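This structure is a prediction, so every number in the text was calculated from the model and none was measured.
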Amino acid sequence: MAPALRQRRSGSCLLGHLARGLGLAAASAALAWPAAASNPGLTPLGGEAAMSGAVAAMGRDTGMAFYNPAGLGANTRVQFNMSSTMAVLRLRTIPNAFRVDLPGGDSHSAQLSSVQPLILSTSTVYTRYLGRGVTVGAGHFASNYDFYDYSGAVADTSSRSGLNYNARVQVDGWSTRHHFGPTVGWQLLPNLRLGASLFLTYEWRRDEGRIWLRAGPSPELLNQNFIAGDIDLKRSTYAAEAVLGLQWEFVPKLHLGLAVHTPRLAAYERARKQSLVTGAVVREDDSQATLFQFDGDPGAARRGRIAPLKLVLGLAYELRRERGWVSVEGDYSPQLLLPRNEVNLRHNFNARVGARVRASEFIFVGVGLFTDRTPERAITDFPQFNLDYYGGSGGLELRRPYKLGQNERARDIVFTTSLAVRYAWGTGASGAVRFDLSAGDPSKLSYKTGEVHPVNFHVWSGNLAAGMYF
């Protein structure tokens, strides 16, 4: 049985009394601001995180500047590391996301799909050991990147349903978030490390949507009644957040990791909404009524909190003779409801388990399982979606040391290369569009937004990281 479409927004008139005077009952084309992508676990930052996932308690590479900067305190050498998501394939399928309701209770629906390959440099970090257990550095992290492109069409130009219609939907969007800033890790005691990172963040989001509906009593008159909506949304946000971390070997071989990600605070934001709606219908006396409206709204700028506090707690067991570790961790973020900032998030918890094991003198193997559940509370429009992801990862790290001359400060330089593969399955709900021709009158056109579920998304990715220790 096809998933049911649950109506979440009423078919309120787009143009008020003017539209009603034309007999054009159009639902609002001014889409709400789509929620920012809320599944950051799909974009690992660093080789260790890409392979094993659970790194808060025992992670050591430069990705720890983002996950738990205390891990940097364990390094006594200069590090330079670059990590990239070299290939991502996101397959997103929304069944019954686009539906036309016809007379007599019949309907005609279409599936919307988006298949997008992505390539992204996720992190670039440099750290340097200053002595006395202190390591400092700076880096860039791209914690979120997404692009989607949905399109679909439903048509009947043979009058099988008693009228002729042609409906189309096209929606695409792009979002990204970047973190820039300094980091420090400190080996305070032989079994205790502390760390902190301060990030300035930049977010960019662009969404565009187009909806068309044509209807007529015969194929030749298909174009005499139509409605079309076009929406363009842009938002850029400048904000800041910090990460405070601790790694503690409270008993031999057993490590505790704690990281506190402060709320993200927006300092400056630019937003813009533009919508254009056109339409025309033929009245019973054969006269034509037309409709045109353009709305431009600079959008309300958000200030203050736009993302909640997040706590990460991990526990790791260190294998003997430095052969690696096995770790488990979870993160929790409380609910956050700020209508003025369009934030409506629920309590959220995620878990990860992973292992990093030395397979030979120069090769490490990593495996992991993870969840990436969304804190988004509700869907307010199309093409928003709320999905919980569940996935796994695995990979290899190759270390290649080269000895240096006697006059060099370090004994050798070590080149590292990590290759990881990841898969995540997402399930949840998505926004949907419904065109209403149930009255059987081609001059009465309307469309509404709603919710459809279940929705299943698939994400495959390959991650490549390269670094130097000298």
Tested for side chain to side chain contact (heavy atoms under 4.5 Å, CB included) against Asn386, the lone hit among Glu376, Glu451, Arg373 is Glu376

Give the C-alpha distance, both sets of side-chain angles, the deciding distance and a yes or no for salt bridge (Lys or Arg N to Asp or Glu O under 4.0 Å) between Arg177 and Asp146.
CA-CA 10 Å; Arg177 182 185 303 125; Asp146 193 15; over 6 Å; no

From CA spacing to verdict: salt bridge (Lys or Arg N to Asp or Glu O under 4.0 Å), Glu397, Arg356:
CA-CA 10 Å; Glu397 180 186 289; Arg356 175 180 167 84; 2.9 Å; yes

Under the criterion ring pair (Phe, Tyr, Trp, His ring centres under 6.0 Å), I'd like the reasoning laid out for His140 against His178: C-alpha separation, chi angles, the key distance, then a yes or no.
CA-CA 7 Å; His140 158 254; His178 298 271; 5.1 Å; yes

Checking Glu269 against Thr237: is there a side-chain donor and acceptor pair closer than 3.5 Å?
yes

Answer yes when Asp207 and Arg235 have at least one side-chain N-carboxylate O distance shorter than 4.0 Å, and no when they do not.
no

Just distance, no hydrogens or angles: give the donor-acceptor pairs under 3.5 Å from side chains in residues 243-253, sequence neighbours left out.
unit_1 : atom_1 : unit_2 : atom_2 : d
Gln247 : OE1    : Arg60  : NH1    : 3.1
Gln247 : OE1    : Arg193 : NE     : 3.1
Gln247 : OE1    : Arg193 : NH2    : 3.2
Gln247 : NE2    : Ala56  : O      : 3.1
Gln247 : NE2    : Ala57  : O      : 3.4
Glu249 : OE2    : Lys253 : N      : 2.9

Does Arg346, at its CZ atom, have more than 12 non-hydrogen atoms belonging to other residues, nucleotides or ligands within less than 6.0 Å?
yes

Would you call Glu203 and Arg264 a salt bridge, using N to O less than 4.0 angstrom?
yes

Tell me whether the rings of Phe66 and Phe141 are parallel (<30°), tilted (30 to 60°) or perpendicular (>60°).
tilted

Can a donor-acceptor pair be found between the side chains of Asp101 and Ser107 at a distance below 3.5 Å?
no

Of Leu309, Asn341, Val343, the one forming a side chain to side chain contact (heavy atoms under 4.5 Å, CB included) with Leu336 is Val343

Please determine if Arg422 forms a cation-pi arrangement with Phe370, meaning its NZ or CZ atom is less than 6.0 Å from the six-membered ring centre and no more than 45° off the ring axis.
yes

Of Arg205, Arg210, Arg206, the residue whose pairing with Asp232 passes salt bridge (Lys or Arg N to Asp or Glu O under 4.0 Å):
Arg206

